Amino acid sequence: MKVDVLLGLQWGDEGKGKVVDVLTPNYDVITRFQGGPNAGHTLEFNGEKYVLRSIPSGIFQGGKVNVIGNGVVLDPLLFQQEAEALAASGHDLTKQLCISKKAHLILPTHRILDAAYEAAKGSGKIGTTGKGIGPTYTDKISRNGLRVGDLLHNFDEKYAAAKARHEAILRSLNYEYDITELEAQWFKALDYLKQFRLIDSEHVINNYLKEGKSVLAEGAQGTMLDIDFGSYPFVTSSNTICAGCCTGLGVSPRNIGEVYGIFKAYCTRVGSGPFPTELFDETGSKIRQIGHEYGAVTGRERRCGWIDLVALKYAIMINGVTKLIMMKSDVLDGFETVKACIAYKVNGEETTEFPFEINEGIEPVYVEMPGWNVDMTKMQSEDEFPEEFNAYISFLEEELEVPIKIVSVGPDREQTIVRYTEE
Ligand code: GDP
Ligand code: IMO
Ligand code: MG
């Protein structure tokens, strides 16, 4: 068997959590392979709403195995809060959830460093989620990180050395902080974490594949936030792309199966950084209002704009997407016309290739199509799709050269239309 990957093609928040939950019944194992509690994945079913941050979105469907892979960065305290909230609502994860010993730990001082670096950047700040993601991956790459497996041997010594190093940096930045309370809670959370199965996940996952078990890997963030191919430096600190699944799980590229690329029928971004199709007018506010475009965890206002096919094609290329999933189509239900950016004008020249420099001077070139003006939220099958919506889908499939397999018409698990099933 191979690992199917589901990942975001835009700037995150495409609706990954919802679709992973919908697809989970088809899989034996669900994994996360990068990112950490910077993610906020929302699931809605039976009138309940859950937001997951470090825990895979496969935990709600019938006792499947869920794995937090080596590429993830884990904050034990946020993890405890997330898992305890789930336990309180009747979802005890201790038997279902395994954590890689090679996943890196987010220390209390990583969170402080994240804030200190942002403060030092002033108006050039990235607008991070403040969860210590950048500093933790920095320590991983500079070979100073602490891993989940380190909890099992001489942890206090390793922790003290890391903390001393971080404190020296914070002193050099003249950054004031007090971690006494946070640190005490964090240490308590380590004991909580140890109740879970801490595993060599690369072996476990490859063994599952050998046994014929099916595995779904759930991306976090989105391709345009990838450390290599996103809108650098306004990106996150991990490889959010398909290749990140190989390094973040220990799976060979030859063992990647379907690559599901998920996108919204429009586009959003949270935090700073370039966004060529951003709308600053009433249309942007209307999308934000109808789409409830506010951060799942932070509540931050998301910036909104029309769909950007230049960026989408780039993301499809980088990831080798085999199937597309379009989310939040219903949000455009009440628009007379909808627009799609098909090219960028850079210094007067048109290009359809995503350029190196996207920080300034990009003018989107749009096509405008008739809207569908029909409430799609109760539709059950594509036979009910209005003609204009079918035309929109055909246009996107032609431009993107990949079929749109799933269309989502609302936040609930049930509001999902699978357009065709596998041969
Ligand atoms: P993720 O980070 O990719 O999992 O996405 P988020 O959970 O951060 O953001 C997606 C938001 O859109 C959540 O509030 C979902 O409940 C909601 N959502 C998902 N699919 C749809 C849809 O098809 N229509 C509408 N209206 N909302 C949706
Ligand atoms: P999900 O998985 C949207 C953004 C932050 C910031 C930049 C860097 O829910 O789609 P970081 O804290 O990672 O160092 O922040 O990346 N960002 C996200 N935006 N969805 C996310 O996750 C994000 N995770 C990080 O807003 O601009
Ligand atoms: Mg999100």
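As the structure lists them, so they are numbered: ligands from 1, and atoms in each ligand from 1. Keep in mind the model is a prediction, meaning the values are calculated, not measured. Heavy-atom basis, side chains included; hydrogens, waters and symmetry copies ignored.
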Is the [X] to [Y] ring centre distance short of 6.0 Å?
| X | Y | value |
| --- | --- | --- |
| F60 | H91 | yes |
| F229 | F354 | no |
| W11 | F263 | no |

Does a donor on one side chain and an acceptor on the other come within less than 3.5 Å for [X] and [Y]?
| X | Y | value |
| --- | --- | --- |
| T94 | R197 | no |
| T236 | N38 | yes |
| E181 | Q185 | yes |
| Q10 | E14 | no |
| D333 | N373 | no |

Under the criterion side chain to side chain donor-acceptor pair (under 3.5 Å), I'd like the reasoning laid out for Y27 against D4: C-alpha separation, chi angles, the key distance, then a yes or no.
CA-CA 9 Å; Y27 292 90; D4 291 348; 2.5 Å; yes
Ignoring hydrogens and geometry, is there a side-chain-to-backbone donor-acceptor pair from [X] to [Y] under 3.5 Å?
| X | Y | answer |
| --- | --- | --- |
| D13 | G8 | no |
| D226 | T240 | yes |
| S100 | G69 | no |

Could you tell me which atoms of ligand 2, counted from 1 in the order shown, lie closer than 4.0 angstrom to a heavy atom of [X]?
| X | answer |
| --- | --- |
| L225 | 4 (C), 16 (O), 17 (N), 18 (C), 19 (N) |
| G271 | 27 (O) |
| W11 | 3 (C), 19 (N) |
| A39 | 1 (P), 2 (O), 9 (O), 22 (O) |
| A220 | 2 (O) |

Take atom CD in E387; do more than 12 heavy atoms of anything else shown fall under 6.0 Å from it?
no
Near the Mg ion (ligand 3), which protein N/O/S atoms are found at less than 2.8 Å?
D13 OD1, G40 O
Which of these passes side chain to side chain donor-acceptor pair (under 3.5 Å) with E218: R32, H41, Q34?
H41
From R53, R111, K131, residue fulfilling side chain to side chain donor-acceptor pair (under 3.5 Å) relative to D75
R111
What residue and heavy atom of the protein are closest to [atom], and at what distance?
| atom | result |
| --- | --- |
| atom 19 (N) of ligand 2 | V270 CG1, 3.3 Å |
| atom 15 (O) of ligand 2 | T128 CA, 3.4 Å |
| atom 7 (C) of ligand 2 | V235 O, 3.9 Å |
| atom 13 (O) of ligand 2 | T236 OG1, 2.6 Å |

Looking at ligand 2, does any of its N/O atoms fall within less than 3.5 Å of an N/O of D13?
yes
Min N/O separation S237 to ligand 2 under 3.5 Å
no
Tell me which part of F234 gets within contact of ligand 2: side chain, backbone, both or neither, using heavy atoms under 4.0 Å.
neither
Using a heavy-atom cut-off of under 4.0 Å, does the side chain or the backbone of D114 touch ligand 2, or both, or neither?
neither
Contact check, [X] vs ligand 2, heavy-atom distance below 4.0 Å:
| X | result |
| --- | --- |
| G40 | yes |
| K131 | no |
| R269 | no |
| R300 | yes |

Quick check for students: name every N or O atom pair between ligand 1 and the protein closer than 3.5 Å, with distances.
{"unit_1": "ligand 1", "atom_1": "2 (O)", "unit_2": "D13", "atom_2": "OD1", "d": "3.4"}
{"unit_1": "ligand 1", "atom_1": "2 (O)", "unit_2": "G40", "atom_2": "O", "d": "2.9"}
{"unit_1": "ligand 1", "atom_1": "3 (O)", "unit_2": "E14", "atom_2": "N", "d": "3.1"}
{"unit_1": "ligand 1", "atom_1": "3 (O)", "unit_2": "G15", "atom_2": "N", "d": "2.8"}
{"unit_1": "ligand 1", "atom_1": "3 (O)", "unit_2": "K16", "atom_2": "N", "d": "2.8"}
{"unit_1": "ligand 1", "atom_1": "3 (O)", "unit_2": "K16", "atom_2": "NZ", "d": "2.9"}
{"unit_1": "ligand 1", "atom_1": "4 (O)", "unit_2": "K16", "atom_2": "N", "d": "3.2"}
{"unit_1": "ligand 1", "atom_1": "4 (O)", "unit_2": "G17", "atom_2": "N", "d": "2.9"}
{"unit_1": "ligand 1", "atom_1": "5 (O)", "unit_2": "G15", "atom_2": "N", "d": "3.3"}
{"unit_1": "ligand 1", "atom_1": "7 (O)", "unit_2": "T42", "atom_2": "N", "d": "2.8"}
{"unit_1": "ligand 1", "atom_1": "7 (O)", "unit_2": "T42", "atom_2": "OG1", "d": "2.5"}
{"unit_1": "ligand 1", "atom_1": "8 (O)", "unit_2": "D13", "atom_2": "OD1", "d": "2.9"}
{"unit_1": "ligand 1", "atom_1": "8 (O)", "unit_2": "G40", "atom_2": "O", "d": "2.9"}
{"unit_1": "ligand 1", "atom_1": "8 (O)", "unit_2": "R302", "atom_2": "NH2", "d": "3.2"}
{"unit_1": "ligand 1", "atom_1": "12 (O)", "unit_2": "K328", "atom_2": "NZ", "d": "2.9"}
{"unit_1": "ligand 1", "atom_1": "23 (O)", "unit_2": "K328", "atom_2": "N", "d": "3.0"}
{"unit_1": "ligand 1", "atom_1": "23 (O)", "unit_2": "S408", "atom_2": "O", "d": "3.3"}
{"unit_1": "ligand 1", "atom_1": "23 (O)", "unit_2": "S408", "atom_2": "OG", "d": "2.5"}
{"unit_1": "ligand 1", "atom_1": "23 (O)", "unit_2": "G410", "atom_2": "N", "d": "3.1"}
{"unit_1": "ligand 1", "atom_1": "23 (O)", "unit_2": "G410", "atom_2": "O", "d": "3.3"}
{"unit_1": "ligand 1", "atom_1": "24 (N)", "unit_2": "D330", "atom_2": "OD1", "d": "2.8"}
{"unit_1": "ligand 1", "atom_1": "24 (N)", "unit_2": "D330", "atom_2": "OD2", "d": "3.4"}
{"unit_1": "ligand 1", "atom_1": "24 (N)", "unit_2": "G410", "atom_2": "N", "d": "3.3"}
{"unit_1": "ligand 1", "atom_1": "26 (N)", "unit_2": "D330", "atom_2": "OD2", "d": "2.8"}

Member of K264, R303, R300 meeting the salt bridge (Lys or Arg N to Asp or Glu O under 4.0 Å) criterion with E293
K264
Candidate with minimal heavy-atom separation from [atom], of [options]:
| atom | options | value |
| --- | --- | --- |
| atom 5 (C) of ligand 2 | G127, S231, P135 | G127 |
| atom 25 (C) of ligand 2 | K125, M224, K16, Q221 | Q221 |
| atom 12 (O) of ligand 2 | T129, V51, T268 | T129 |

Using the rule given for side chain to side chain donor-acceptor pair (under 3.5 Å), can you reason through D139 versus H104, listing the C-alpha separation, both sets of side-chain angles and the distance that settles it, and then say yes or no?
CA-CA 9 Å; D139 273 356; H104 278 246; over 6 Å; no
CD of Q221 to CG of L7, rounded to nearest 0.5 Å, is 11.5 Å
Using a 6.0 Å distance limit plus a 45 degree cone around the ring axis, check whether K339 lies over the aromatic ring of Y366.
yes
